[in-house]
Protein chains: 2
Amino acid sequence: MATISDVAAMAGVSTATVSRALNGKSTVDPELVARVVAAADDLGYRPNGPARSLRKQETAVLALIISDVENPFFTAMARGVEDVAHAAGYSVVLCNSDDEPDKEREYLDVALQERVAGVLLSPTGRGDSAELLRVHDTPVVAVDRPLPGWGSDAVLVDSRLAAKQATLHLAHQGYRRLGCVTGPSGVPTADERLAGFRDGLRVAKLRSSSALVRRTEFKAAGARRAAHALLTADEPPDGLLVANNSMAIGVLETLADLGLRAGRDVGVVAFDDAPWASLVDPPLSVVAQPAYDVGAVGAQLLLRRIGDENPDGNSSTTTLSAHLVARASTSHT
Amino acid sequence: MATISDVAAMAGVSTATVSRALNGKSTVDPELVARVVAAADDLGYRPNGPARSLRKQETAVLALIISDVENPFFTAMARGVEDVAHAAGYSVVLCNSDDEPDKEREYLDVALQERVAGVLLSPTGRGDSAELLRVHDTPVVAVDRPLPGWGSDAVLVDSRLAAKQATLHLAHQGYRRLGCVTGPSGVPTADERLAGFRDGLRVAKLRSSSALVRRTEFKAAGARRAAHALLTADEPPDGLLVANNSMAIGVLETLADLGLRAGRDVGVVAFDDAPWASLVDPPLSVVAQPAYDVGAVGAQLLLRRIGDENPDGNSSTTTLSAHLVARASTSHT
DNA sequence: TTGTAGGCGTTATCAT
DNA sequence: ATGATAACGCCTACAA
């Protein structure tokens, strides 16, 4: 592949001039610029990224580490990140931690090795990621979930409040024995949504029973098992708060298997408004999170840090709010 | 950030020894290895990726360029790529072309600059991407869509045949005026699915009317408009083949808006079996594509090329097949 | 305005 | 088995 020297040779100038010409630096004779550009074009020259990174000690790449590419919440977030990053000339590397601390760690290692300019991380909540990042003083912003034990910038959604509201909504609609299907203990969003659920129960003066709470991985399969156990128990819940979109699928499948109908038999609210939520029967009530904005704001914050205005300035936490979209799955009629 | 020299100094050896020790090269005194590892660990040393890439003239990164991260087909494919790449020690950079040739081109540029080891590309079908890649002789494999005008490896799905079968299925179920909502002209999968649709019409001896075909971007919004136009026309179709999953959402929304019921009023089959397809009312008949496998096989092919066994060996085209999953949306009862 | 030269951090070659 | 050293491709003082 053509190098800068090849271009220099062909244009009859020094490599320094080529570099300057191609990077629009200072004043270079327009005539030479033309020759250089022509030569570069001719050779299909493309600057060597690694070499440039090495020399400049910086890259134009951001890493975005999320726990599930197949979850619409995260893909929407990814778009937000992408759009902002792209506009600023940065590329985004998307990595899947699968909510496994080991994989998260591994990708963090790669990101650090590749000397990415910054990291957007949705931490599993367990593990020592924070430590790792601080040591290498790579700018980070936590998205969707806080980075435990360290004051990094963070963009979160107030899902505790949203969960509380969703729970109250269930109560107002007349559901009395409320259950909750949430994510693994230790995952902040899972814990918060459960806390919000309990807040709601308290305000609505409903009994809180740990038998009606199930924790499992944030996936459809886990939720299917959890919902089955819950709904076939002696005293099954008549209302359910489901902590994310993928889980909602598992829960709805289970309802169908058991011949139960959402709304009529069991009130259901789930986190995340996926495009299909209004198409299922009955349409699913959801807590709509501003996923795109979480990503966009996160990227802005990160770019600002990278811009160095504030190497270690006070860390900020932005909390966006979610809103309830009530549909037929929380209505008896 | 600590460099190899820092480690060397601390361990009291040369940088060469550190490099060898850390890379498990040849024979290094075990005692020294221990000292080196300890020092590296102590300093939180992490090899500099760019420097290493520059020196070795190779990276352990694969680029995957797709047209829509929010489309479950592509995310499933991404997982296939990821799993295979990861197992082989490669990272995957996910890029979104949005089906815009310009963006595709841009990401290709970045990939080339960063000297990725290989590219998995789902080409928009227009544009000169193939050219670009050949010039820089970076290994490529086309996934989901062929790379026009150039014999690269490719992993495709026989969507023409699948579309034909889906169309015949509609016909067998008694639908007579069949319509098709497909993607933009020039996008191979969009064209193929339409061709398959026409194949089916011919075999079923049904009339083919261009008034019943609509092309639009592969997104829900476009499909919504297309479906609306189709269904409010003078002679609306009574059966619809929808070319992808996102479009299916638009079509189903339109049906709901118009008070039409899938199955009873209009038979509907769509490409891609999303997790929610069986939850909508009525459950959606689909053409299930082996998305994960497309990605996995594509990655394997790419790694093989990179492995250099066959720098320019004959290009292979792997065609996987899709299968119809009939549900209630194609049944009058 | 242009050219020369040094160095970013690694790895690989060549001595020792 | 280990160490000095050159080179990967680029950018940027510094010199001219």
Side-chain angles (χ1 to χ4, degrees), chain A residues 1-37 39-40 43-61 89 109-117 136 138, chain B residues 1-37 39-40 43-61 89 109-117 136 138:
Chain A
M1 204 168 305
T3 77
I4 202 174
S5 325
D6 299 330
V7 178
M10 173 171 266
V13 298
S14 75
T15 61
T17 301
V18 174
S19 176
R20 284 188 285 249
L22 260 26
N23 290 302
K25 282 285 191 220
S26 62
T27 41
V28 184
D29 188 308
E31 204 265 331
L32 281 192
V33 174
R35 271 196 358 236
V36 168
V37 170
L43 293 165
Y45 170 74
R46 208 163 297 273
N48 182 309
R52 168 182 262 162
S53 303
L54 175 57
R55 174 61 232 245
K56 302 189 67 171
Q57 295 289 73
E58 68 180 46
T59 50
V61 178
D109 268 346
V110 175
L112 258 17
Q113 283 208 20
E114 296 305 326
R115 303 299 195 263
V116 298
H136 293 79
T138 294
Chain B
M1 201 168 305
T3 76
I4 202 173
S5 324
D6 299 329
V7 178
M10 173 171 266
V13 297
S14 74
T15 60
T17 300
V18 174
S19 177
R20 284 188 287 248
L22 260 26
N23 290 302
K25 281 286 189 227
S26 62
T27 42
V28 185
D29 187 309
E31 205 264 332
L32 281 191
V33 174
R35 276 206 340 247
V36 168
V37 170
L43 294 164
Y45 169 74
R46 208 163 297 273
N48 182 309
R52 167 181 267 166
S53 303
L54 175 58
R55 176 61 233 239
K56 302 187 66 172
Q57 296 289 70
E58 68 181 47
T59 50
V61 178
D109 268 346
V110 175
L112 258 18
Q113 284 207 19
E114 295 305 326
R115 303 297 195 263
V116 298
H136 294 78
T138 294

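Order of the sequence lines fixes the chain letters, A, B, ..., with proteins taken first and strands second; residue numbering starts at 1 for each chain.
Going from atom CD1 of A/I4 over to atom C1' of D/dT12 covers 11 Å, rounded to whole Å. In this structure, A/L32 atom CG and C/dG3 atom P are separated by 7 Å, rounded to whole Å. One can place CZ of A/R115 at 7 Å from P of C/dT10, the figure rounded to the nearest angstrom. A straight line from CZ of B/R55 to P of C/dT11 spans 9 Å, rounded to a whole angstrom. We find that CG of A/D6 is positioned 13 Å from C1' of D/dC8, with the value rounded to whole Å. For the pair A/E114 CD and C/dG9 P, the interatomic distance rounds to 15 Å; values are reported in whole Å. Rounded to whole Å, atom P of D/dG3 lies 18 Å from atom NZ of B/K25. One atom, NZ of A/K56, and another, P of D/dG9, lie 19 Å apart when rounded to the nearest Å.
Counting distance only, with no hydrogens placed and no angle test, the side-chain atoms of A/R20 and the base atoms of C/dG3 include a donor-acceptor pair under 3.5 Å.
Nearest approach of A/A8 to A/S14, heavy atoms of both residues: CB-C, 3.8 Å.
Of the options B/V7, B/V28, B/D29, a side-chain contact (heavy atoms from CB on, under 4.5 Å) to B/V36 is made by B/V7 and by none of the others. Put simply, the residue from B/T3, B/N23, B/V13, B/V33 that forms a side-chain contact (heavy atoms from CB on, under 4.5 Å) with B/V18 is B/V13.
Contact annotation: B/S19 side-chain N/O to C/dT10 OP1/OP2 distance is not under 4.0 Å. Residue B/T17 has a polar side-chain atom (N or O) positioned under 4.0 Å from OP1 or OP2 of D/dG3. Proximity of B/Q57 to the phosphate of D/dG9: a side-chain N or O atom is located under 4.0 Å from OP1 or OP2. Note on B/N23: a side-chain N or O is less than 4.0 Å away from OP1 or OP2 of C/dT11.
Within 4.0 Å of B/P50, counting heavy atoms only, lies no atom of the nucleic acid at all.
Under the 4.5 Å side-chain criterion, counting only non-hydrogen atoms from C-beta, B/V61 is not in contact with B/E114.
For A/V13, the listed nucleotide lying nearest its side chain is C/dG3; candidates were C/dT2, C/dG3, C/dG9. Comparing C/dT1, C/dT10, D/dC10 against the side chain of A/T3 picks out D/dC10 as the nearest. Closest to the side chain of A/A16, out of C/dT4, D/dC10, D/dA1, is C/dT4. Comparing D/dT2, C/dT10, D/dG9 by their closest approach to the side chain of B/V28 singles out D/dT2.
One N or O on the side chain of B/T59 and one on the backbone of B/R115 form a donor-acceptor pair closer than 3.5 Å.
Residue order along DNA chain D, read from the 5' end via each residue's closest nucleotide, puts B/T15 first among B/T15 and A/A51.
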